[in-house]
Amino acid sequence: MTRSLMMWVMILGMGVFLVAGSGCASGGGGGGGVRPDVSDETPDDNVNDNVPDDNANDNIPDDNANDNTTADQPALIKTSVSAGSISGALHRIQAGDDLVVFATSETSTDTIAFIIPSESDRDTSTATEIPGGTELYGTRNWIVAGKKVALVRSNNVVAIYDTTQPTTNPVDIPAGEITLAGLPTEAYAAGHMTSDGNYIATINDMNEVDDGNTLKVIDVSGADAVVTSFPTPEEEFDEPVQVAVDADAMQVAAYWGNYIYVFDIANPTAAPLAFEFNLDSPLGDFHGQSPAQMQFDGGYVLYRASSDGTTALLNTTAGTVTNLSADAEFSMTTPMAMNGGSFGYFPSSEGVDNIFSGSTATRSAIGAVATPASLTLAYQLGTIEVTNECLAGREQGKYGYGAKMAITQDGERWFISGQGGVDEDIDFLQMSTGGDFTLFDDPDDDTKSGYVMASDVSASANTLAFWALRQADDNDGCFTADEWVVGFIVLDRLP
């Protein structure tokens with residue numbers, strides 16, 4: 001066997017393959033695509049073309065989307081770190097800097113733990129538990145910033161844990177500096193702490209912190225956490241509803257009363273930019289509790305009005321607002337994502353925009369902040385075809401439909417998945433580079449669909465984290481022994 005052939009055999013043995021979508025594309029992008037005919041050897045630039053014709057193991061050209069360019073490890077890995085299969089067991093998962101942090105209730109005891117993707121593989125079956133994570137800290141309200149985790153005690157005091165020093169205890173920030181205001185009970189609801197890079201934006205109880213300021217940012221880049229406090233605008237008499245931080249721009253945004261304020265982290269006492277919401281404002285009527293967490297990146301705020309589900313993009317430099325072309329009237333609480341000049345969300349303006357099984361998947365929309373009018377919606381009829389007879393006749397997923405979205409830091413890749421418990425019918429892990437969404441062949445061939453089924457996708461600069469489904473045949477027809485496991489993608493291993 002030649003060395004070249006041996007190399008491709010090894011890659012096929014370990015690799016994770018991206019498979020192009022099926023269905024017919026309509027108007028380009030967010031979903032659809034044409035399912036490749038693997039027997040077709042033309043045209044020459046077909047990313048599914050095998051050359052030479054009689055060599056099924058050799059994928060050429062080198063940028064073939066089905067090729068894992070890192071010979072040592074595949075890009076996508078489903079570990080053996082189990083999260084069980086109990087309803088409600090998947091509390092939260094988030095990617096950090098070469099880090100995946102997760103919280104589960106696989107047994108009667110809650111756990112907050114982490115793995116290092118660069119040091120993990122399919123056989124990784126244990127994770128490092130955060131000291132006190134089973135007793136002291138909430139499992140749905142922590143946040144990752146770089147290689148550190150901000151944890152929340154039952155009295156709403158925040159402690160910082162450094163994953164590079166796994167045997168040390170989390171360090172409390174004094175209550176007089178940080179004591180969070182009332183927190184949502186759901187893991188991904190609006191109003192939690194948010195993070196970007198090494199910054200964490202927080203909403204504090206103004207009656208508990210020493211300076212009375214409710215908006216604060218925690219910088220965890222150094223050995224000790226540094227808190228920056230922002231004066232409360234004269235118009236406000238309560239805490240913000242939600243906050244978001246942009247580490248590159250050194251700014252923090254707060255949805256507060258009838259305004260979105262943007263503060264300068266380097267100059268916290270300077271008057272913030274203020275954008276008012278009212279019926280006569282171009283920002284629209286954004287009164288009351290917003291149903292989805294806003295996103296802030298590169299001088300833009302992506303937000304959803306609570307009155308009619310409109311999703312809008314605020315340019316904080318120009319003070320202009322773009323109402324996006326499809327609303328979210330029937331999916332007002334679905335999450336949004338924005339990073340690297342790209343954004344995405346899940347609009348729903350008619351019944352076909354939602355599919356239901358054990359969970360819900362909604363039609364996606366993706367675009368660039370520079371050209372928001374060129375929004376790309378998933379094709380409504382792009383049903384994912386699976387061959388397993390056990391799934392025949394059941395509700396199937398669609399290309400570009402999901403419930404959670406993440407965008408890489410460079411804005412080049414969108415990922416979507418389900419949310420919560422991974423459903424075997426519709427919760428496909430999917431990726432787009434601006435056009436059709438594609439699927440991932442399951443690397444362990446242990447899902448009925450043959451593809452990676454996933455939920456709660458989260459992206460950092462170098463890592464994608466998610467819950468993945470494993471289905472073991474129990475030799476009883478279509479029944480399987482199912483469990484959820486920690487999965488990840490090392491982003492620079494993708495072609």
Side-chain angles (χ1 to χ4, degrees), residues 79 81-84 89-120 124-185 187 192-205 208-210 216-229 245 247 458 460 462-463 465 486 488:
T79 72
V81 177
S82 176
L90 306 181
H91 289 188
R92 184 177 175 83
I93 189 168
Q94 187 183 353
D97 181 6
D98 189 22
L99 180 69
V100 175
V101 182
F102 58 93
T104 69
S105 228
E106 181 186 356
T107 63
S108 59
T109 302
D110 292 342
T111 300
I112 308 176
F114 69 92
I115 62 171
I116 307 300
S118 63
E119 300 173 1
S120 304
T124 299
S125 59
T126 59
T128 301
E129 292 191 12
I130 293 177
T134 59
E135 299 169 327
L136 299 179
Y137 307 109
T139 55
R140 292 181 173 87
N141 50 22
W142 49 267
I143 198 82
V144 177
K147 292 185 179 294
K148 296 180 181 178
V149 186
L151 303 154
V152 183
R153 289 179 175 270
S154 60
N155 61 357
N156 285 356
V157 169
V158 171
I160 304 300
Y161 176 70
D162 186 349
T163 62
T164 67
Q165 305 292 327
T167 61
T168 61
N169 292 321
V171 178
D172 287 344
I173 297 176
E177 290 191 75
I178 298 288
T179 297
L180 302 181
L183 294 169
T185 56
H192 282 293
M193 296 183 292
T194 64
S195 65
D196 186 42
N198 288 307
Y199 287 109
I200 301 168
T202 66
I203 302 171
N204 292 266
D205 186 331
E208 295 294 332
V209 292
D210 293 341
K216 297 173 186 281
V217 168
I218 308 170
D219 180 356
V220 297
S221 60
D224 299 316
V226 176
V227 176
T228 299
S229 180
V245 62
S458 167
S460 70
N462 51 35
T463 304
V486 174
F488 63 84

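Position 1 is the first residue of the sequence, and the numbers go up from there.
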- Output yes when a side-chain donor or acceptor of D196 lies under 3.5 Å from a complementary backbone atom of A247, and no otherwise. yes

- Side-chain touch R153/D172, heavy atoms, less than 4.5 angstrom: yes

- Without swapping roles, check the side chain of T104 against the backbone of A89 for a donor-acceptor pair under 3.5 Å. no

- Task: Taking the side chain as every heavy atom from C-beta outward, state whether K216 and V209 have any atom pair closer than 4.5 Å.
- Result: yes

- Test side-chain contact (heavy atoms from CB on, under 4.5 Å), reference V220, set I173, N198, D162, output is N198

- Counting distance only, does the side-chain N/O of Y161 pair as donor-acceptor with the main-chain N or O of P166 below 3.5 Å? yes

- K147 side-chain N/O to D97 backbone N/O, donor-acceptor pair under 3.5 Å: yes

- Query: Side chains of V101 and I112: closer than 4.5 Å at any heavy-atom pair?
  - Reply: yes

- Message: Between I143 and H192, is the side chain to side chain contact (heavy atoms under 4.5 Å, CB included) condition met? List the steps.
- Response: CA-CA 9 Å; I143 198 82; H192 282 293; over 6 Å; no

- Message: Any non-hydrogen side-chain atom of M193 less than 4.5 Å from a side-chain atom of L180?
- Response: yes

- Item | Contact check, side chains of V100 and P117, non-hydrogen atoms, under 4.5 Å | yes

- Query: Under 4.5 Å between any side-chain heavy atoms of F114 and V144, yes or no?
  - Reply: no

- Any side-chain heavy-atom pair of V152 and R140 under 4.5 Å: no

- Message: Strictly distance-based, threshold 3.5 Å: is any side-chain N or O of S458 a donor or acceptor partner for the main-chain N or O of A95?
- Response: yes

- Message: Do N156 and L183 make a side-chain contact, defined as non-hydrogen atoms from C-beta onward lying under 4.5 Å apart?
- Response: yes

- Item | T79 side chain vs V486 backbone, donor-acceptor pair below 3.5 Å | yes

- Message: If we count only N and O atoms by modelled type, under 3.5 Å, do the side chains of N204 and T179 hold a donor and an acceptor together?
- Response: no

- Task: Check T126 against I115 and note the closest heavy-atom contact, atom names and distance.
- Result: O-CG2, 4.2 Å

